[in-house]
Asker: 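Before we start, here is the structure in question, set down as C-alpha cells.
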Amino acid sequence: MRTQFADGLPRAQGDRAQLQQVMLNLIVNAIQAMKDVAEGARELQISIDAVPSEGGVRVGVQDTGPGLNPESLSRLFEPFYTTKPEGMGMGLSICRAIIEAHGGRLWATGCEPQGALFEFTIPAD
Ligand SMILES: Nc1ncnc2c1ncn2[C@@H]1O[C@H](COP(=O)(O)OP(=O)(O)O)[C@@H](O)[C@H]1O
Ligand SMILES: [Mg+2]
C-alpha cells in the first residue's frame with residue numbers, strides 16, 4: 001500500500017464516521033478486486049490533494065485489480081449491483097449518497113494497464 005498526501009491541504013468539514021465508512025468501502029472493494037491478482041502485482045494507492053478549481057480536496061483510492069468493464073462502469077453505483085457471489089451491492093451507492101450529502105462528487109475510472117481508480121471530492125473552507 002502506498003499513500004500520497006499533499007502538504008498544506010485545506011480543512012474539509014464532514015461527518016467523520018460517514019467518511020470513514022466511505023474509505024473503508026473503497027479500500028475493501030480494492031482489496032477484493034485484487035484477490036486473484038498475483039501477490040507482487042497488488043498495489044493499493046491512497047492519495048489526497050487539493051483541487052482549487054472545485055474549492056475542495058480530492059481523495060483517490062486506486063488498485064491494480066482487473067479494472068472496470070463497460071457494464072460495471074455504467075452500473076457500479078446502482079443499489080444491489082454486485083458481481084460478487086456474497087456481495088450486497090450497496091457499498092458504492094451508500095458511498096455516493098454520503099459524498100453527495102457532503103456537497104462532493106464520487107466517480108470511478110479505469111486505469112492503464114490495469115486497475116480501477118475511485119475518486120471523491122469534499123468541499124473545503
Ligand atoms: N475496485 C474495484 N475494481 C473492480 N470492480 C469494482 C471495484 N469496486 C467495485 N467494483 C464493482 O462494483 C460492484 C459494486 O460494488 P459495491 O457497491 O461495493 O458492492 P459489493 O462490494 O457488495 O459487490 C462490485 O461487485 C464490483 O463488480
Ligand atoms: Mg463493496
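Heavy-atom basis, side chains included; hydrogens, waters and symmetry copies ignored. Just so you know, residue 1 is the first one in the sequence shown, and it goes up from there.
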Asker: What are the two closest non-hydrogen atoms of Val37 and Gly65, and how far apart are they?
Answerer: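 Where Val37 meets Gly65 most closely, the heavy atoms are CG2-CA, 4.0 Å.
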
Asker: Which atom pair, heavy atoms only, marks the closest approach of Ala12 to Pro123?
Answerer: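 Taking Ala12 first and Pro123 second, the nearest heavy atoms are CB-O, 3.6 Å.
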
Asker: Roughly how far, to the nearest 0.5 Å, is CG of Asp125 from CD of Gln13?
Answerer: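 Between atom CD of Gln13 and atom CG of Asp125 there are 5.0 Å.
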
Asker: Would you name the heavy atoms of Cys95 and Asn25 that are closest together and state the gap between them?
Answerer: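 Closest approach of Cys95 to Asn25, heavy atoms only: SG-CB, 3.4 Å.
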
Asker: Could you grab the distance from atom CD of Glu71 to atom CG of Leu76, nearest 0.5 Å is fine?
Answerer: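 So the CD of Glu71 and the CG of Leu76 are separated by 9.5 Å.
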
Asker: Which distance, rounded to the nearest 0.5 Å, do you find between the CD of Gln20 and the CD1 of Ile98?
Answerer: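 Output value for this atom pair is 11.0 Å.
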
Asker: A side-chain contact here means heavy atoms from C-beta on lying under 4.5 Å apart; do Leu26 and Leu92 qualify?
Answerer: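 A side-chain contact exists here, since the closest heavy-atom pair is under 4.5 Å.
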
Asker: Please check this pair: side chain of Glu119 against backbone of Gly60, looking for a donor-acceptor N/O pair closer than 3.5 Å.
Answerer: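 Absent.
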
Asker: Is there a chain of hydrophobic side chains (I, L, V, M, F, W, Y, each step under 4.5 Å between heavy atoms) that links Leu106 to Met88?
Answerer: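 Result: yes, single cluster for both.
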
Asker: Near Gln4 CD, under 6.0 Å, is it more than 12 heavy atoms from other residues, nucleotides or ligands?
Answerer: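 No, because the 6.0 Å sphere around CD of Gln4 holds 12 heavy atoms or fewer from other groups.
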
Asker: Is there a side-chain contact (heavy atoms from CB on, under 4.5 Å) between Met23 and Val61? Walk through the geometry before answering.
Answerer: CA-CA 8 Å; Met23 288 307 292; Val61 178; 3.8 Å; yes

Asker: Quick check for you: to the nearest 0.5 Å, what is the distance between Arg58 atom CZ and Leu9 atom CG?
Answerer: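 It comes to 11.5 Å.
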
Asker: Atom CG of Asp36 and atom CZ of Arg42: how far apart are they, to the nearest 0.5 Å?
Answerer: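 Rounded to the nearest 0.5 Å, the CG-CZ separation comes out at 8.5 Å.
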
Asker: What's the spacing between Ile46 CD1 and Arg2 CZ if we round to 0.5 Å?
Answerer: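 Separation between the atoms: 12.0 Å.
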
Asker: Hey, quick one: are Met1 and Val22 part of the same hydrophobic cluster, counting side-chain heavy atoms closer than 4.5 Å, chains of contacts allowed?
Answerer: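 Same cluster: Met1 reaches Val22 through Ile, Leu, Val, Met, Phe, Trp or Tyr contacts under 4.5 Å.
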
Asker: For a quick test of reading the model, state the closest non-hydrogen atom pair linking Ile122 to His102 and the distance between them.
Answerer: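 Minimum heavy-atom contact is CD1-CB, 3.8 Å.
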
Asker: Tell me whether the count of non-hydrogen atoms from other residues, nucleotides or ligands lying under 6.0 Å of CE in Met90 goes above 12.
Answerer: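 Atom CE in Met90 is crowded, with more than 12 foreign heavy atoms closer than 6.0 Å.
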
Asker: Can you tell if the side chain of Ile27 reaches within under 4.5 Å of the side chain of Phe118, non-hydrogen atoms only?
Answerer: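 Ile27 does not reach Phe118 side chain to side chain.
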
Asker: When you measure from the side chain of Arg96 to the backbone N and O of Phe77, does any donor-acceptor pair fall under 3.5 Å?
Answerer: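 No; zero donor-acceptor contacts below 3.5 Å.
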
Asker: I'd like to know if Phe120 and Val51 are part of one continuous hydrophobic network [Ile/Leu/Val/Met/Phe/Trp/Tyr, side-chain heavy atoms within less than 4.5 Å].
Answerer: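 Cluster IDs for Val51 and Phe120 differ.
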
Asker: Which atoms form the tightest heavy-atom contact between Ala33 and Pro66, and what is the distance?
Answerer: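 Heavy-atom minimum between the residues: O-CD, 3.0 Å.
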
Asker: Keeping Asp63 on the side-chain end and Leu44 on the backbone end, is there a donor-acceptor pair under 3.5 Å?
Answerer: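 Pair absent, no side-chain N/O of Asp63 close to backbone of Leu44.
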
Asker: Could you give me the CA-CA distance, side-chain angles and deciding distance for Met34 and Thr64, then say whether side-chain contact (heavy atoms from CB on, under 4.5 Å) is met?
Answerer: CA-CA 7 Å; Met34 295 191 288; Thr64 53; 3.3 Å; yes

Asker: Within the structure provided, determine whether Asp49 and Val59 are in side-chain contact (heavy-atom separation under 4.5 Å).
Answerer: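 Heavy-atom side-chain distance check fails, nothing below 4.5 Å.
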
Asker: Taking atom CZ of Phe80 as the centre, report whether more than 12 heavy atoms of other residues, nucleotides or ligands fall under 6.0 Å from it.
Answerer: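 12 or below, so no.
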
Asker: Tell me, yes or no, whether the heavy-atom count around Lys35 atom NZ, taken from other residues, nucleotides or ligands under 6.0 Å, exceeds 12.
Answerer: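 No, NZ of Lys35 has 12 or fewer neighbouring heavy atoms, counting only those of other groups under 6.0 Å.
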
Asker: Does NZ or CZ of Arg75 lie under 6.0 Å from the centre of the six-membered ring of Tyr81, at an angle within 45° of the ring axis?
Answerer: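 No.
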
Asker: Could you report the tightest heavy-atom contact between Ala108 and Leu73, atom names first, then the distance?
Answerer: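 For Ala108 and Leu73, the tightest heavy-atom pair comes out as O-CD2, 3.8 Å.
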
